[in-house]
Student: 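If you scroll down you'll find the structure; I have some questions about it.
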There are 2 protein chains.
Amino acid sequence: MTPAPGPAPLSWWVVRFEIYEIPFGKVSCVPLGGQVASPITFPQPGGDVTSNESGSRAATLSDVAKRAGVSIATASKALNNRDDVAVATRQRVVQAADELSFTPNAMAKGLLAGRTGTVGLLTSDLEGRFMIPILMGAEDAFGAGQINVFLCDARGDAIREQHHLKALLSRRVDGIIVVGRATDPRPSLGQSLPVPVVYAYAPSDDPRDLSLTPDNYSGGRLAVEHLLACGRTRIAHITGDPSYAAAQDRLAGARAGLEGAGLSLVGEPMFSEWSEHWGRDAAAMLLGQHPDVDAIFCGSDQIARGVLDTARDLGRRVPDDLAVIGYDNWEVLATNSRPELTSIDANLQMLGRLAAQRVFDAIDGVDIGSGEHHSPVRLVIRGSTIPRR
Amino acid sequence: MTPAPGPAPLSWWVVRFEIYEIPFGKVSCVPLGGQVASPITFPQPGGDVTSNESGSRAATLSDVAKRAGVSIATASKALNNRDDVAVATRQRVVQAADELSFTPNAMAKGLLAGRTGTVGLLTSDLEGRFMIPILMGAEDAFGAGQINVFLCDARGDAIREQHHLKALLSRRVDGIIVVGRATDPRPSLGQSLPVPVVYAYAPSDDPRDLSLTPDNYSGGRLAVEHLLACGRTRIAHITGDPSYAAAQDRLAGARAGLEGAGLSLVGEPMFSEWSEHWGRDAAAMLLGQHPDVDAIFCGSDQIARGVLDTARDLGRRVPDDLAVIGYDNWEVLATNSRPELTSIDANLQMLGRLAAQRVFDAIDGVDIGSGEHHSPVRLVIRGSTIPRR
DNA sequence: CTGTTAGCGCATTCAC
DNA sequence: GTGAATGCGCTAACAG
C-alpha cells in the first residue's frame, strides 16, 4: 500500500491513478506504488516517430459546400448569415458545417480583410509582478472583442525584443502593446511601424508615442496626505533603489504633500533595494536615530512588511505608536501582515485594459494622441494606519 | 515650483517632463506643475476620429518585385535563398526589400504551408502564481523556435474557455497547451481536436491525454526526508485546503517518508486555507498542544511564513529548536524571511518548457504518448532547517 | 436565390 | 536564370 517505495525517482514517470474519497467529500488522485509504467529519462522526449495527427485535417469551406451540395460561395453566405440565401439551403449548410465541426480559417479571412484580429503584447520581463495585472487587463479587454493576443517576452533583452517585433509584424498584428518592467522611460520602437503602438507601465522615451504609466507622483502625495489626515506629523520615508523613477516620483509626491501642510520629511529619504530585508534594517536605523517618528511611508509593500517586523521587534505598536503605509497593494503581502497593510494601488489591471482600448481605437482609425499619460492610483486603507474597531 | 498643486486629479493627465539629475547619476522624469495639458476624463477614450495609420500599409512581395524590376516568383526565390537566381538579381531584390522594410506575410505563408507556426496557451487563471513560470517556460521554448504564442485566459470559466478554444482553432494554431491553476484533474478538451494538446500543471481527467504535473507526492516525501536527515523526529504538518489534490498528495508523500523511518506525524495534519494567517494560527495551536514538536512541514511558503512568525513570537529558535520547511519556493517569500526558508521547488518553468517541447514533437509528428507524467521537484535548503555558519 | 469569377500574399511547379 | 501560372481558404463582386 505504500506508494512509490524507495527514493523519489529523478526522472519523469507515468502513473495510474486511483480515485478515492478524501475529507470534505472531494475526490483526488494519488500515485500508486509499483506502477511506474514508462519512465522517460528526463530532459529527452519520448522518441517514437509516429504520426500523431489526432483528429484529421480541419474541414474547409469547400468540404462543407460539397457535403451540403452547394457552391462554396453559397456555403459562405449561409454561414455568415447573409440574407440572400434560402432558408432550407442555409439549414443544410449549417448542418453540414456542424457535422464536420467546421471552423473558418481566420488566416484566409485575414488575408482578404487586410487585418488579422490579433495584437502583440511585447513584455520585457514576464517575471515582473507588475506585468501580470497589466497583461490580464489587456487580455481581458481584447478577449471580449474577439481579438487574440500574441504574447512575447523579451526577457529584458533588446535583441530579443527586436526579434519578437519582427515576428509580430510578419504576423500582421493589428496593433502592439509594449509593457515595461519599471516606470522609467524605455527606448521607443520608432515611428515608422505600420501598426499603432501603445506603451504601458514603462513610457516610451519619445513623446510622439502614446504611453500610459501609473501616477507615482500622485501616489506618493496620496500616501502622505493619508498619513497627515490620520494626524501624523513626523513622517519618514523608506524606499527602494534611487535609480528607479518610481522611487524618485513617489518621493517627490510625498514631499509635495508634506509641503502643503508646512512640514517636511523626518530625516533623509532612505534608499536601497526593494526588499523586506531592507525594510527591516532601515526601520531599525530610523527608529534608533529618530525615535519620535510617528509614521513611515514605504516605497513598496515588501519594504513595509520589513518595517512592520522591526516595529514589532522594538515594541512599537502599529498603528497606535507608528503608522505604516506601503505601495503597490500586493494583496498577498498586504492582507497577511499584522496588522494588515494600508497601501497605494496603481490599478494596473485597469491600465492594461485601457491600453488595449487605445489600441482598439487606433485600429478603428481613432486618433489616440501621444505623450505620457499618468493613470490615477488609489488608496487602500487597512489596519496599519487606522486601528480596526 | 511645487508640482501639480492641489489634490491629485482623478482623471488622466498629460505632462511635460523635465530631465534632471538625481542621486547616483541616473536620470529621471517628474511631472511639473501647471502643465496639465489635455486632461482626459478617465474611462473614456479621447474621441477625435482621425486616421492614425502611422506608417503606410506594409509592403508586399509584389511591391518588392516591382521595385527590383523582377517578377514576383524571382523575388520570392531571391529572398528565400533558393539557389536558382543570379547573384546580381538577388542583390537587387534584397536591397529593394530592405528599402521597403519588407516583412513576409506569415498568414499568406501559413495558408500555403498548412501550418501557422503558432500555438495556443490556454490558461484558466492568469492571476495564479503557478501560471507565470509555466507560461515563461513555454514562451521561452517556443520563442527560440520561431513559434509564436497566443495567450488565452479563461478566467476559470468553462464557457470562456470554450470560446477561446474555438478562436484558437479558427486561427489554426499548430498545438495547444492547457495550463490549469491547481494540480487537481480538469476536464479534457476532448480527443477530436485537429491539433495536439498538452496539459500542464492541472492534468486532464482523460488518461488518453498527455498531462505534465508536478510530483507533489515526491515533494512531500522529499521535505520529510530532509527533516529526518536533519535529525528531526517529531514532525508535524500544517497545510492548506484539504480539497486540493496538492494538499493530499504532499501529505501522502510526507507520511510515506515518515513510515520509511518507522515514524508518524505528530498530531493530525492541520488543514485550512493556504495563507500566512492560517500558518500563524495553526502554529500557535500546534505548539500549544504538542510543545515537543521539533519540525514543521508546511504545505506552502505562505503558511511557513506564518509559522515562522509564531515561532518567533513564542520564543522558539528556528532552526535550532524548530525546523520549518515550506513548499513552492516562492523566492520573494522564502528569501526574505527570518531565517530564510527551506522549501520545495516544483521547477515550473522547466515544466512549461517541457510542455512546449512536447507540443513541438507532436507537431513534428512524434508520438508524445499519453497519461499523467509527474515532473521531479527539488529541495532548496536555506536557513530554516539548517543553521547558517 | 445560386454559382462563377477574381483576388488577398505568397511559394511552387513548369515552361521559356 | 527568369517569369507566367496555379492554388492555399475564403469573401465580395458580379452574372445567371
Side-chain angles (χ1 to χ4, degrees), chain A residues 56-94 96-97 100-118 146 167 169-174 194-195, chain B residues 56-94 96-97 100-118 146 167 169-174 194-195:
Chain A
S56 50
R57 176 187 59 86
T60 104
L61 185 57
S62 115
D63 296 335
V64 176
K66 204 168 296 173
R67 179 175 254 262
V70 297
S71 76
I72 302 187
T74 304
S76 171
K77 287 171 199 158
L79 293 175
N80 289 324
N81 285 324
R82 309 297 301 264
D83 45 356
D84 29 348
V85 67
V87 183
T89 312
R90 160 164 304 139
Q91 195 166 359
R92 283 214 322 283
V93 173
V94 168
L100 272 56
S101 62
F102 166 73
T103 321
N105 186 326
M107 272 189 311
K109 264 182 166 153
L111 209 51
L112 263 311
R115 50 152 83 188
T116 54
T118 63
Q146 311 278 12
L169 292 180
S170 97
R171 298 227 179 269
R172 294 295 188 269
V173 292
D174 296 328
V195 295
Chain B
S56 52
R57 177 187 59 87
T60 96
L61 184 57
S62 116
D63 297 333
V64 175
K66 203 167 298 171
R67 179 175 254 262
V70 297
S71 75
I72 303 186
T74 305
S76 170
K77 287 170 198 156
L79 293 175
N80 290 323
N81 283 326
R82 310 298 301 262
D83 45 357
D84 29 350
V85 64
V87 183
T89 311
R90 159 163 304 139
Q91 195 165 358
R92 283 210 327 279
V93 172
V94 168
L100 272 57
S101 63
F102 166 74
T103 321
N105 186 325
M107 269 189 315
K109 264 182 162 150
L111 209 50
L112 264 311
R115 49 151 84 186
T116 55
T118 63
Q146 311 280 9
L169 292 180
S170 100
R171 298 223 180 270
R172 295 294 189 268
V173 293
D174 296 329
V195 294

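Only this structure's heavy atoms are used, side chains among them; waters, hydrogens and symmetry mates stay out. By convention in this document, chain letters (A, B, ...) are assigned in the order of the sequence lines, proteins followed by strands, and residues within each chain are numbered from 1.
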Student: Under the rule for side chain to side chain contact (heavy atoms under 4.5 Å, CB included), what residues qualify as partners of Ala167(B), not counting sequence neighbours?
Tutor: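 Scan of Ala167(B) (side chain to side chain contact (heavy atoms under 4.5 Å, CB included), adjacent residues dropped) gives Asn148(A).
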Student: Atom pairs, N/O to N/O, protein against nucleotides 7-10 of chain D, distance under 3.5 Å?
Tutor:
residue : atom : partner   : partner atom : Å
dG9(D)  : N2   : Ala108(A) : O            : 3.3
dC10(D) : OP1  : Asn105(A) : N            : 3.3
dC10(D) : OP2  : Leu61(A)  : N            : 2.2

Student: Which of residues 84-92 of chain A sit near DNA chain C, with a heavy atom under 4.0 Å from it?
Tutor: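 Within residues 84-92 of chain A, the residues near DNA chain C are Asp84(A), Val85(A), Ala86(A), Thr89(A).
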Student: Kindly state each residue pair satisfying salt bridge (charged side-chain N to carboxylate O under 4.0 Å, His left out) with at least one member in residues 62-73 of chain A, sequence neighbours excluded.
Tutor: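 Listed by first then second residue: Arg57(A)-Asp63(A), Arg67(A)-Glu99(A).
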Student: Counting only pairs under 3.5 Å, give me each side-chain donor-acceptor contact of residues 84-91 of chain A, with atom names and distances, residues two or more places apart or in other chains.
Tutor:
residue  : atom : partner  : partner atom : Å
Arg90(A) : NE   : Ala78(A) : O            : 3.3
Arg90(A) : NH2  : Arg82(A) : O            : 2.3

Student: To check you understand the geometry: which heavy-atom pair defines the closest contact between Arg172(B) and Thr103(A), and what is its length?
Tutor: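 Closest approach of Arg172(B) to Thr103(A): NH2-O, 2.7 Å.
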Student: Rounded to the nearest 0.5 Å, what separation is found between the OG1 atom of Thr118(B) and the CZ atom of Arg171(B)?
Tutor: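 Rounded to the nearest 0.5 Å, the OG1-CZ separation comes out at 9.0 Å.
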Student: Excluding sequence neighbours, so at least two apart, what forms side-chain hydrogen bond (donor to acceptor under 3.5 Å, both in side chains) with Ser71(A)?
Tutor: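 Only Thr74(A) meet the side-chain hydrogen bond (donor to acceptor under 3.5 Å, both in side chains) criterion with Ser71(A).
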Student: For Asp174(A) versus Val195(A), what's the shortest heavy-atom pair and its separation?
Tutor: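 Taking Asp174(A) first and Val195(A) second, the nearest heavy atoms are O-CB, 3.9 Å.
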Student: Given axes from five pairs at either end, by how many degrees does the helix from dC1(C)-dG16(D) to dC16(C)-dG1(D) bend, rounded to 10°?
Tutor: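 That helix has its two terminal axes inclined by roughly 50°.
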Student: Can you tell me the distance, in whole Å, between the CG atom of Asp83(B) and the P atom of dG1(D)?
Tutor: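 Value for this atom pair: 10 Å.
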Student: I'd like to check the side chain to side chain contact (heavy atoms under 4.5 Å, CB included) partners of Leu61(A); sequence neighbours left out, ordered by chain and number.
Tutor: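 Once residues adjacent in sequence are excluded, the partners of Leu61(A) under the side chain to side chain contact (heavy atoms under 4.5 Å, CB included) criterion are Ile72(A), Ala75(A), Ser76(A), Leu79(A), Phe102(A).
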Student: Can you name the residues that form a side chain to side chain contact (heavy atoms under 4.5 Å, CB included) with Ser101(A), not counting sequence neighbours?
Tutor: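 With neighbours one apart ignored, the set is empty.
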Student: Distance check: side-chain N/O of Arg82(A) vs OP1/OP2 of dA12(D), anything under 4.0 Å?
Tutor: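 For dA12(D), OP1/OP2 do have a side-chain N/O of Arg82(A) under 4.0 Å.
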Student: Applying side-chain hydrogen bond (donor to acceptor under 3.5 Å, both in side chains), name anything that partners Arg92(B), two or more places apart in sequence or on another chain.
Tutor: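 Applying side-chain hydrogen bond (donor to acceptor under 3.5 Å, both in side chains) to Arg92(B) gives none.
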Student: Any side-chain heavy atom of Val93(A) within less than 4.5 Å of one from Val64(A)?
Tutor: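 Side-chain contact under 4.5 Å: yes.
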Student: Identify the 5'-most and 3'-most nucleotides of DNA chain C with at least one atom closer than 4.0 Å to a non-hydrogen atom of chain A.
Tutor: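 Nucleotide range in contact with chain A: dC1(C) to dG9(C).
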